[in-house]
Amino acid sequence: QVQLVESGGGLVQPGGSLRLSCAASGFTLENYAIGWFRQAPGKVREGVACIRTPDDSTYYADSVQGRFTISRDNTKNTVYLQMNSLKPEDTAIYYCVADSVCVIGPVVVTSDWGQGTQVTVSS
């Protein structure tokens, strides 16, 4: 079965850190561009970070540049999103997606992306 499973979300205080994981089963992540997307209540879903294949070039939304880092561990077939200096506006459900290209910014969702992982930044 081909699937991606996100984990690592939670409640964190402003200024704190979290590391999200995106684990793949049924296919090899390193053959795809992997993007992290997020959707806050009442807002459109947006791509915030992406790592491309095969050169592992990375791309970030302006809102997370310098605070978030996306990385890939091919031995674990997992992509990570290290999130530092978290802000309340980072509160959202985070999803990972495998694709042929990287997408940063607002997206139109036409299919089920699964449950994602909830990140809440609050004091």
Side-chain angles (χ1 to χ4, degrees):
Q1 183 179 5
V2 175
Q3 65 175 356
L4 288 169
V5 178
E6 305 94 342
S7 63
L11 173 64
V12 63
Q13 292 187 341
S17 298
L18 283 174
R19 188 178 77 158
L20 305 184
S21 298
C22 172
S25 60
F27 71 104
T28 303
L29 272 181
E30 67 177 305
N31 295 330
Y32 295 86
I34 306 299
W36 280 99
F37 295 76
R38 68 185 183 187
Q39 187 165 17
K43 295 190 176 181
V44 298
R45 194 166 298 184
E46 61 174 351
V48 296
C50 187
I51 185 165
R52 207 175 65 176
T53 189
D55 60 358
D56 282 357
S57 298
T58 56
Y59 305 88
Y60 299 94
D62 290 344
S63 57
V64 306
Q65 181 75 48
R67 301 188 297 120
F68 289 13
T69 303
I70 189 170
S71 62
R72 188 199 300 267
D73 185 340
N74 293 332
T75 65
K76 296 182 179 180
N77 210 23
T78 300
V79 168
Y80 302 99
L81 185 67
Q82 178 66 44
M83 305 187 296
N84 299 328
S85 302
L86 282 162
K87 305 175 181 180
E89 50 264 43
D90 294 318
T91 295
I93 300 174
Y94 284 72
Y95 305 86
C96 62
V97 173
D99 206 338
S100 57
V101 297
C102 278
V103 176
I104 298 295
V107 295
V108 176
V109 180
T110 58
S111 61
D112 182 7
W113 286 24
Q115 294 185 338
T117 186
Q118 175 71 50
V119 172
T120 302
V121 184
S122 175
S123 56

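Residue Q115 qualifies as open at atom CD: its count of foreign heavy atoms under 6.0 Å is 12 or below.
Within the 4.5 Å cutoff, no side-chain heavy atoms of L4 are placed close to those of V79. When side chains are defined from C-beta on, V107 does not count as touching V44, because their heavy atoms never get closer than 4.5 Å. For the pair L20 and E6, the minimum side-chain heavy-atom distance is 4.5 Å or more.
Partners of Y94 by ring-ring contact (aromatic ring centres under 6.0 Å, His included), not counting sequence neighbours: none found. Checked against side-chain contact (heavy atoms from CB on, under 4.5 Å), I93 has the following partners two or more places apart in sequence or in another chain: Y95, Q118. Take S63 and apply the side-chain contact (heavy atoms from CB on, under 4.5 Å) test, not counting sequence neighbours, and it matches R38, A61. Considering only residues two or more places apart in sequence or on other chains, S122 meets the side-chain contact (heavy atoms from CB on, under 4.5 Å) condition with L11, T120. Y32 is linked by a ring-ring contact (aromatic ring centres under 6.0 Å, His included) to F27, counting only residues two or more places apart in sequence or in another chain.
Atom CG of D55 and atom OG1 of T53 lie 7.5 Å apart (nearest 0.5 Å). The distance from the CD1 atom of I51 to the OG1 atom of T58 is 6.5 Å, given to the nearest 0.5 Å.
The closest donor-acceptor contact from the side chain of T91 to the backbone of V121 lies under 3.5 Å. At distances below 3.5 Å, not a single donor-acceptor pair connects side-chain atoms of Q82 with backbone N or O atoms of T69.
Between Y59 and C102 the shortest heavy-atom distance is CD1-SG, 3.9 Å. Considering all non-hydrogen atoms of both residues, A92 and A40 come closest at CB-N, 3.8 Å. When every heavy atom of C22 is checked against every heavy atom of I34, the shortest pair comes out as SG-CG2, 4.4 Å. The two residues C50 and V103 have their closest heavy-atom pair at SG-N, 4.4 Å. Across E30 and R72, no two heavy atoms sit closer than the pair CA-NH1, 3.3 Å. Scanning both residues, V64 and V48, for their nearest heavy atoms gives CG2-O, 3.3 Å.
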message = With side-chain contact (heavy atoms from CB on, under 4.5 Å) as the criterion, how do N74 and L29 come out once you've worked through the C-alpha distance, each side chain's angles and the decisive distance to 0.1 Å?
response = CA-CA 7 Å; N74 293 332; L29 272 181; 5.5 Å; no
request  = Give the C-alpha distance, both sets of side-chain angles, the deciding distance and a yes or no for side-chain contact (heavy atoms from CB on, under 4.5 Å) between W36 and F68.
outcome  = CA-CA 11 Å; W36 280 99; F68 289 13; over 6 Å; no
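Both tests pass for R19 against the ring of Y80: distance under 6.0 Å to the centre and angle within 45° of the axis.
Under a hydrophobic clustering in which Ile, Leu, Val, Met, Phe, Trp and Tyr are joined whenever their side-chain heavy atoms come within less than 4.5 Å, directly or via other members, V12 and L81 fall into the same cluster. Two different hydrophobic clusters hold F37 and L86 under the rule that ILVMFWY side chains link at heavy-atom gaps under 4.5 Å.
Listed by first then second residue, pairs satisfying salt bridge (Lys or Arg N to Asp or Glu O under 4.0 Å) with a partner in residues 58-69 read R67-D90, not counting sequence neighbours.
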